**Student:** 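Just dropping this structure here.
Please read these numbers as outputs of a predicted model, since none were measured by experiment.
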There are 2 protein chains.
Amino acid sequence: MDDRAPVRQPSLSSQIVDILVDKIRKGKFPPDCPLPPENQLASEYDVSRTTIRGAFDRLEAMGLITRRQGVGTFVRRTSNISNPLNKFVDFYCLIRDNGFEPGYRQISARLIVPPDEIRQDLQLEKDQLVLEIHKVFLADNTPIIYCTNWLPEWVFQDFFSPEEILLPGVIEPNFTEFFEIKCRQPLKYFISDVRSDVLKNCPIPENILEMEPLTPVLIINEIGFNEQDRPVIQSIEYHPGNRMKFQLIRLG
Amino acid sequence: MDDRAPVRQPSLSSQIVDILVDKIRKGKFPPDCPLPPENQLASEYDVSRTTIRGAFDRLEAMGLITRRQGVGTFVRRTSNISNPLNKFVDFYCLIRDNGFEPGYRQISARLIVPPDEIRQDLQLEKDQLVLEIHKVFLADNTPIIYCTNWLPEWVFQDFFSPEEILLPGVIEPNFTEFFEIKCRQPLKYFISDVRSDVLKNCPIPENILEMEPLTPVLIINEIGFNEQDRPVIQSIEYHPGNRMKFQLIRLG
DNA sequence: TAGTGGTCTAGACCACCAC
DNA sequence: TGGTGGTCTAGACCACTAC
């Protein structure tokens with residue numbers, strides 16, 4: 001089997017997005033600053049205005065810019081904070097991007113027959129196994145996320161032996177890369193639901209987090225899908241004590 | 001002053017969105033069903049393929065459809081549930097759309113000098129007043145949302161007297177309509193942050209909700225902006241007991 | 001190979017805003 | 001009035017999937 005992944009040129013629109021994100025993050029376009037007009041950017045990068053507008057659409061959805069008809073396109077004042085709930089990001093990167101020293105500990109990993117609910121969510125047949133992983137992420141050596149993943153065996157069995165897959169460091173710390181590159185199953189989207197609870201009601205081993213049993217916890221339960229809309233992972237994330245800010249742009 | 005609002009034809013793209021949402025909701029295109037190809041829809045509705053694709057972009061962001069290159073566009077299996085966190089919806093409609101009998105009670109309303117934090121969030125000068133409203137939404141006569149709003153006086157003072165604005169039924173139950181039609185300040189987007197806590201830590205009068213002090217609460221704190229990106233409302237919503245499902249699509 | 005969605009273009013016209 | 005973003009078109013080519 002040829003192991004080379006096909007190298008594909010990102011779309012012009014994506015390249016424009018990357019360029020502009022970079023310029024905004026580096027302060028070349030500070031908050032409240034008007035971006036150059038669409039037509040100017042189009043000729044500057046030698047693409048059509050449609051392509052620029054496509055890039056702007058995505059920057060707007062990311063919350064980086066806002067557009068005013070007849071006036072211009074502006075960098076949003078709040079653009080630098082943001083831990084966007086509407087986008088999926090590796091926790092490891094997330095923690096680092098928020099200015100903390102990221103850490104990762106795998107609590108356990110095993111191949112199991114899944115509980116019925118997980119089996120249904122992952123659309124599996126009765127005899128299919130899943131990998132269950134419990135793990136913790138740290139920020140400056142303090143645990144801030146407890147997380148359980150379930151991965152169907154079919155996702156990884158062509159690329160990893162049952163022993164290999166159990167090792168820490170195989171899936172994390174680059175979760176999305178594990179799926180995209182190592183398993184050839186890029187994650188297309190997650191369907192998540194968000195709820196609230198207290199720590200003592202969460203199935204987390206007591207000695208892991210060392211927090212008050214009544215600490216409030218934000219819980220995100222999500223199913224991730226591949227390009228063919230087949231579920232490839234279920235994940236429950238416990239965020240105790242509101243140490244992270246979850247931000248979100250809601251449109252009318 | 002002329003009180004007629006300008007009647008504007010919604011864009012072709014929006015009309016296509018409405019048509020398709022309607023057909024999906026009514027089961028004309030059931031879950032997993034392929035939608036007609038883009039070219040076919042384009043000629044069917046006598047618009048360009050670009051226009052159809054614009055509509056599909058929005059349906060995809062709403063989580064109603066998913067697209068597979070080389071295969072087709074499909075109605076998502078989970079399309080009917082959804083209480084989308086990434087979209088702003090009137091609570092009254094939300095409760096009704098989830099199959100409950102909606103109710104609304106205004107606890108209090110008064111014009112005040114805002115606390116510093118609110119004043120800053122709403123970008124107000126020292127001497128400007130805000131309307132502070134406490135309210136509760138009911139589903140089948142049970143309180144399920146406690147909510148506090150702060151509205152700058154400049155938003156409504158041209159359209160309501162200081163006495164009128166305090167009356168219940170002026171702002172709710174159609175929140176978005178109040179802003180868009182009564183105040184000529186359509187809401188463009190909200191910046192929200194989501195966190196978790198327990199009821200006893202929330203500034204909610206005890207006799208209102210009648211729940212355990214340790215009930216987990218999902219808290220959404222958000223600032224709403226008008227078309228000119230000026231903040232026109234701050235709102236804190238307390239959702240106790242996870243009676244509502246908050247769903248979300250997260251993209252890579 | 002035929003048909004699908006993904007990207008891109010060049011150009012047009014409109015609505016809105018500031019001057 | 002000129003410049004901005006918002007919408008739309010007709011057509012082209014590509015990448016991917018199924019057969």
**Student:** Report the distance from atom CD of E227(B) to atom P of dA18(C), rounded to the nearest whole Å.
**Tutor:** 13 Å
**Student:** How close or far is atom P of dC8(C) from atom OH of Y45(A), stated in whole angstroms?
**Tutor:**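 Between P of dC8(C) and OH of Y45(A): 15 Å.
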**Student:** Stem list for DNA chain C, please, built from Watson-Crick and G-U wobble pairs under 3.5 Å and keeping only runs of at least 3.
**Tutor:**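 Looking at DNA chain C, the stems formed by three or more consecutive pairs are C:1-18 with D:1-18.
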**Student:** Taking side chain to side chain contact (heavy atoms under 4.5 Å, CB included) as the definition, give me every residue that meets it alongside K28(A), ordered by chain and number, with sequence neighbours left out.
**Tutor:**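 K28(A) satisfies side chain to side chain contact (heavy atoms under 4.5 Å, CB included) with K23(A) only.
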**Student:** List, with names and distances, any nitrogen or oxygen atoms from the protein found under 3.5 Å away from nitrogen or oxygen atoms belonging to nucleotides 3-6 of chain C.
**Tutor:**
| from | atom 1 | to | atom 2 | distance (Å) |
| --- | --- | --- | --- | --- |
| dG3(C) | N2 | G70(B) | O | 3.2 |
| dT4(C) | O2 | G70(B) | N | 3.3 |
| dG5(C) | OP1 | T73(B) | OG1 | 3.3 |
| dG5(C) | OP2 | E38(B) | N | 2.9 |
| dG5(C) | N2 | Q69(B) | NE2 | 3.1 |
| dG6(C) | OP2 | R53(B) | NH1 | 2.7 |
| dG6(C) | OP2 | R53(B) | NH2 | 3.2 |
| dG6(C) | N7 | R49(B) | NH2 | 2.6 |
| dG6(C) | O6 | R49(B) | NH1 | 3.1 |

**Student:** For I52(B) and dG11(D), what is the distance between atoms CD1 and P respectively, to the nearest whole Å?
**Tutor:** 17 Å
**Student:** Quick one: D57(B) CG to dC8(C) P, roughly how many Å, whole number?
**Tutor:** 13 Å
**Student:** Does N149(A) have any side chain to side chain donor-acceptor pair (under 3.5 Å) partners at least two apart in sequence or in another chain, and if so, which?
**Tutor:** K135(A), S235(A)
**Student:** Rounded to whole angstrom units, what separation is found between the CG atom of L41(A) and the C1' atom of dG3(D)?
**Tutor:** 15 Å
**Student:** What is the separation between atom CG on D46(B) and atom C1' on dT7(D), rounded to the nearest whole Å?
**Tutor:**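 Atom CG in D46(B) sits about 16 Å away from atom C1' in dT7(D).
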**Student:** Need one value for T50(B): base, sugar-phosphate or nothing, where a base atom within 4.0 Å counts as base even if backbone is also close, heavy atoms only.
**Tutor:**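 Base contact - T50(B) has a heavy atom under 4.0 Å of at least one base atom.
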**Student:** Please identify each residue that fulfils ring-ring contact (aromatic ring centres under 6.0 Å, His included) with F156(B), with sequence neighbours left out.
**Tutor:**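 If we apply the ring-ring contact (aromatic ring centres under 6.0 Å, His included) test to F156(B), skipping adjacent residues, there are no hits.
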**Student:** Output side-chain donor-acceptor pairs under 3.5 Å for residues 117-130 of chain A, partner residues at least two apart or in another chain, one line each.
**Tutor:**
| from | atom 1 | to | atom 2 | distance (Å) |
| --- | --- | --- | --- | --- |
| R119(A) | NH1 | L124(A) | O | 3.2 |
| D121(A) | OD2 | Q234(A) | NE2 | 3.1 |
| Q128(A) | OE1 | E125(A) | N | 2.7 |

**Student:** Among residues at least two apart in sequence or on other chains, which ones pass side chain to side chain donor-acceptor pair (under 3.5 Å) with S14(A)?
**Tutor:** S11(A), R58(A)
**Student:** Taking only residues two or more places apart in sequence or in another chain, which ones pass salt bridge (Lys or Arg N to Asp or Glu O under 4.0 Å) with D18(A)?
**Tutor:** none
**Student:** Can you name the side chain to side chain donor-acceptor pair (under 3.5 Å) partners of D46(B), sequence neighbours left out?
**Tutor:** none
**Student:** Minimum heavy-atom separation for S13(B) to A55(B), with atom names?
**Tutor:** OG-N, 3.4 Å
